[in-house]
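Single-structure report; data block below.
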Amino acid sequence: MSSLKNYSRRRFLTQSGLGLVAFAGMPGFLQAMEGMHGMPKLTPNKASPNFKPDVEFDLFCQSGSVSILPGQQTQVQQYTALLKTGPKETLTNIAGSYLGPLINLQKGQKVRINLYNKLTEPTVTHWHGLHVPANMDGHPQFTIDPGEILVYEFEVLNRAGMNIYHPHPHETTAKQVYHGLAGALFIHDEEEAKLELPAGEYEIPIVIQDRLFDEQNQLIYARNMHDRMTGFYGNRILVNGRPDFQIDVASRAYRLRILNGSTARIYKLGWDDGTPLTVIGVDGGLLEQPEVKPYVMLAPGERLDVWADFSGRNEGSQLVMRSLDFSGVLPKMAGRMGGMMHANALPVGSNYPVFTARVTKKVSDSPKLPSQLSKINWHPISTTANPDKPLPIGISEGPMAMLLNGRPYKFDDIQDFERIKVNTIQLMEIFHAHGGSGGHGKESAPAAEEHGGMGMMGGMKHGNDDQKGNGQGMMGMGHKGGGMGMMGGMKHDDDDQKSGGQGMMGMGGMGMMMAMAHPIHLHGQQFQIVSRSVSADNAADYATVRDGFIENGLKDTVLVMPGENVRIIKPFQDFKGLFMYHCHNLEHEDMGMMRDFLIE
Ligand code: C2O
Ligand code: CU
Ligand code: CU
């Protein structure tokens, strides 16, 4: 435990680009940092003799190298797997990709997965989207050291859908995902099988990620605080681990299973010729009926099931899936100063290609799109345990604070409202709480805003690449009042109203300046979206994304735009224990924008 503690502390200090000197003036911040540790070190779970798996495989996390760009190979971290029991379709490799194998499971199967940590750092794997017991969910408390093996055993309870498996170690999730540790996990069931949707070569996984390469084709990752505050953005879009991805299709219908596996980048997916997208499913599986959208927003962690019909298109024609123009997801400051995003990064919200479909074969028949896809078991508000009192998920962001409900992640730090009775259905409200208090207050004091702004400018103005300048900037902020605000905010000084209040006003100012979109993810069962509302101030930006949300499906990750308030209904059935909720901008997650619910 102490080695892990030292490890993450040291890592934070180096990665943040701030020296100890800069921290010395910020006792509140140091205190908050200490609070982020204390993850227990447990003995890894072993196979239980009474569990009789239908499917068993070994899953290895290891270093490797793959050819991505022409020339030198790229060092990566990757999942590889070996099937021990079960149908051979359970695992399919994506040839030449750093991505982990596609995992295919059937609802009702009993699954055992032996996770081998062959890395040189701790890791653990989470099954994003699966409804499994708390101790099988890959919570960071189950992180294993190099050389250790962790055994997962669970029964597949989910309906058909596309899920993700990826690391979830304390404070290093983003870095490990970025270096290649991620894969798609499909669940199949009878409801889906009856539809006879395009399958085999007509069903194509599309895992979208962005990466930044150096001249030697090696991956560059976040080097300073700015990269982590906004999330890290690359200059190349990869699909299934390949640049300039193309699929060759016949002139018929396909099923595209799309996953945003980027650490931070948000896409607005649309076909280049204006053909609308026919959406048949989202995170939690099939919609009840197909929905036709001009474009679809896809944030990190979200999935999309698309019916892409190339019927009637000529041989040799092509259709390009692009990310279209949009605005408002990054802090205004970032735009104004320009320098906040890495100079080579592909700007978020600009228009660029993601992949190309080329029609290479003319065929005469094609399956028909079913008008009824599935039946979803909706939970009306009246069935929730708290119809009048939504459980809060307050987002607050500032130059050095990424919080949920006013607090950075800390193990075993459950607030009263974070305790949930098992087998209840909860109404929840996700909102921007710039006060950082976790309450519903959206306090903003004009005077504080100005001070916060000043402080921020001081902090942000200094070099992206110049570590020393960056440190000084943050120090400068500390002296100007913005920093004071932040320290107050980080300290969670509940007893001292006055200093807490000042802190929050400072945070309020910076929070506004920093306001950005956050994809909020909740572990465990999928939720339904009840309503979304956005403040008038954000209307213009919101207009560039608003037609890209799908509300009529089950979700486990929802993009919350600046000024937006999203109400959801989520069941907490079957399993007790710790289930996380966090921002799936993985840089934010690692900075502490994560909390636990304790289901009891
Ligand atoms: Cu995909 Cu807790 O994460
Ligand atoms: Cu998850
Ligand atoms: Cu976030």
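When reading the values below, keep in mind they use all heavy atoms of this one structure, side chains included, and skip hydrogens, waters and symmetry mates. Counting starts at 1 for both ligands and their atoms, in listed order.
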Decide side chain to side chain donor-acceptor pair (under 3.5 Å) for Thr263 and Glu587; before the verdict, give the C-alpha distance in whole Å, the side-chain angles of both, and the deciding distance to 0.1 Å.
CA-CA 7 Å; Thr263 64; Glu587 282 78 28; 3.0 Å; yes
Establish, yes or no, whether a centroid distance under 6.0 Å links the rings of [X] and [Y].
{"X": "His139", "Y": "His168", "value": "no"}
{"X": "Tyr581", "Y": "Phe597", "value": "yes"}
{"X": "Phe575", "Y": "His131", "value": "yes"}

Applying salt bridge (Lys or Arg N to Asp or Glu O under 4.0 Å) to Asp413 and Arg407, what does each step give before you reach the verdict?
CA-CA 9 Å; Asp413 179 40; Arg407 303 165 90 91; 3.1 Å; yes
Exam field: side chain Lys555 to backbone Val282, donor-acceptor pair closer than 3.5 Å
no
Whether His518 has an N, O or S atom under 2.8 Å from the Cu ion (ligand 3):
yes
So, of the N/O/S atoms that His588 has, which is the nearest one to the Cu ion (ligand 3)?
ND1
Given the ring of Tyr152, does Arg112 sit roughly above its face, with NZ or CZ under 6.0 Å from the centre of the six-membered ring and within 45° of the axis?
no
Run through the protein N/O/S atoms less than 2.8 Å from atom 1 (Cu) of ligand 1 and write them out by chain and number.
His128 ND1, His166 NE2, His584 NE2
